[in-house]
Amino acid sequence: MKKTLPCKLKNTINELIPNDVIDIPRLKFIADNRLRLIQEIIELVHVYGYNEAKLKRALSELIRIESIRERKIVDFEYYNILLKTRNIVLSKTETELSCLIYNGFETAVLRMLYGHTNSESIYIRMHRIKQKLPAYELDKD
């Protein structure tokens with residue numbers, strides 16, 4: 001069940017979110033933010049490359065979910081609007097997690113972003129999201 005849940009949840013979300021919705025200015029904004037993040041990572045490697053412990057600590061700070069929110073690496077707000085057009089209401093953290101899954105983030109990466117040491121916690125959160133999605137009702141039969 002564990003390995004199939006992320007895949008099934010992503011497929012369910014993909015069915016609910018229209019692929020033809022394109023907002024070029026938003027995409028450019030997100031792309032620019034991602035490029036800035038890549039630059040920051042390269043700078044960290046340059047500055048701390050000689051000291052593995054400091055580099056690991058600096059990168060850990062950079063890849064927290066709070067950092068992703070602040071830097072607007074993923075457009076959670078727009079994704080939430082898309083969910084609401086489908087009459088799907090999730091909490092802020094559920095919206096963020098489903099958005100990250102929709103964008104291909106693996107469970108190990110999600111654990112790192114959220115600072116979870118227990119892999120089960122991500123699967124539990126994913127299962128709760130899946131139960132709130134309308135397509136889940138069809139899967140139950």
Side-chain angles (χ1 to χ4, degrees), residues 1-49 51-141:
M1 178 183 146
K2 285 183 188 176
K3 290 182 180 180
T4 60
L5 182 60
C7 186
K8 285 183 178 180
L9 181 55
K10 182 176 181 182
N11 291 339
T12 301
I13 293 168
N14 282 334
E15 291 172 14
L16 295 170
I17 302 297
N19 290 329
D20 59 346
V21 179
I22 298 175
D23 185 338
I24 300 299
R26 274 185 119 94
L27 290 176
K28 183 180 179 337
F29 177 76
I30 296 297
D32 289 346
N33 290 345
R34 290 177 182 177
L35 286 173
R36 277 192 286 284
L37 177 64
I38 292 169
Q39 283 178 312
E40 285 184 55
I41 291 170
I42 292 169
E43 288 171 13
L44 287 175
V45 170
H46 175 72
V47 171
Y48 297 117
N51 189 326
E52 190 176 323
K54 284 185 179 181
L55 177 60
K56 186 176 179 180
R57 192 170 31 255
L59 287 173
S60 294
E61 285 298 310
L62 199 59
I63 59 169
R64 294 178 357 263
I65 189 65
E66 294 82 9
S67 178
I68 300 296
R69 282 184 203 124
E70 291 167 10
R71 295 168 188 280
K72 298 193 186 306
I73 303 299
V74 179
D75 195 350
F76 296 122
E77 180 184 324
Y78 188 62
Y79 180 78
N80 191 34
I81 292 168
L82 292 176
L83 287 176
K84 286 182 179 177
T85 64
R86 298 283 197 240
N87 295 321
I88 300 168
V89 180
L90 301 174
S91 71
K92 180 181 176 181
T93 55
E94 289 170 338
T95 299
E96 290 174 352
L97 181 59
S98 65
C99 180
L100 293 170
I101 292 165
Y102 176 74
N103 283 287
F105 284 68
E106 298 292 328
T107 52
V109 174
L110 294 170
R111 272 192 18 238
M112 290 175 61
L113 283 174
Y114 286 97
H116 292 199
T117 54
N118 180 357
S119 61
E120 296 294 317
S121 60
I122 292 294
Y123 287 106
I124 290 167
R125 291 173 73 184
M126 292 166 73
H127 183 72
R128 287 182 185 148
I129 293 168
K130 188 162 172 62
Q131 288 178 317
K132 292 183 178 183
L133 300 177
Y136 179 73
E137 294 300 321
L138 300 173
D139 289 345
K140 282 182 159 179
D141 296 333

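What's counted below: heavy atoms across the whole structure, side chains too, no hydrogens, waters or symmetry copies. Nothing here was measured: the structure is a model prediction, and the numbers come from that model.
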Just verifying a value: how many Å separate [X] [atom1] and [Y] [atom2], rounded to the nearest 0.5 Å?
{"X": "Leu100", "Y": "Thr107", "atom1": "CG", "atom2": "OG1", "answer": "12.5 Å"}
{"X": "Thr95", "Y": "Asn80", "atom1": "OG1", "atom2": "CG", "answer": "4.5 Å"}
{"X": "Asn103", "Y": "Ile30", "atom1": "CG", "atom2": "CD1", "answer": "9.5 Å"}
{"X": "Leu82", "Y": "Cys99", "atom1": "CG", "atom2": "SG", "answer": "9.0 Å"}
{"X": "Ile122", "Y": "Glu106", "atom1": "CD1", "atom2": "CD", "answer": "12.5 Å"}

Exam field: side chain Ser60 to backbone Lys56, donor-acceptor pair closer than 3.5 Å: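 At least one qualifying donor-acceptor pair exists.
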With Glu66, which residues qualify under side chain to side chain contact (heavy atoms under 4.5 Å, CB included), at least two apart?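 With neighbours one apart ignored, the set is Arg64, Arg69, Glu70.
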Not counting sequence neighbours, which residues clear side chain to side chain contact (heavy atoms under 4.5 Å, CB included) with Leu44? List them please.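 With sequence neighbours excluded, Leu44 shows a side chain to side chain contact (heavy atoms under 4.5 Å, CB included) to Tyr48, Leu55, Ala58, Leu59, Leu62, given in chain and number order.
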With [X], which residues qualify under side chain to side chain donor-acceptor pair (under 3.5 Å), at least two apart?
{"X": "Glu77", "answer": "none"}
{"X": "Asp75", "answer": "Arg26"}
{"X": "Ser91", "answer": "Thr93, Glu94"}

Mind listing the closest non-hydrogen atom pair of Ser67 and Glu61 along with its distance?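 That closest heavy-atom pairing would be CB-O, 3.8 Å.
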Among all residues two or more places apart in sequence or in another chain, which pass the salt bridge (charged side-chain N to carboxylate O under 4.0 Å, His left out) test with Arg71?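 Arg71 satisfies salt bridge (charged side-chain N to carboxylate O under 4.0 Å, His left out) with Glu40 once adjacent residues are dropped.
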Among all residues two or more places apart in sequence or in another chain, which pass the salt bridge (charged side-chain N to carboxylate O under 4.0 Å, His left out) test with Lys28?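 Lys28: salt bridge (charged side-chain N to carboxylate O under 4.0 Å, His left out) contacts with Asp32.
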Could you point out which residue of [options] forms a side chain to side chain contact (heavy atoms under 4.5 Å, CB included) with [X]?
{"X": "Phe76", "options": "Ile81, Ile68, Leu97", "value": "Ile68"}
{"X": "Ile124", "options": "His127, Arg128, Met126", "value": "Arg128"}
{"X": "Ser98", "options": "Leu83, Leu133, Ile88", "value": "Leu83"}

Can you check side-chain contact (heavy atoms from CB on, under 4.5 Å) on Ile101 and Leu110, steps first, answer last? CA-CA 8 Å; Ile101 292 165; Leu110 294 170; 3.9 Å; yes
Begin with the C-alpha distance, continue with both residues' side-chain angles, and end with the deciding distance and a verdict on side-chain contact (heavy atoms from CB on, under 4.5 Å) for Glu96 and Tyr114. CA-CA 11 Å; Glu96 290 174 352; Tyr114 286 97; 3.7 Å; yes
Within-4.5 Å side-chain heavy-atom neighbours: Thr117 and Arg111: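 Heavy-atom side-chain distance check fails, nothing below 4.5 Å.
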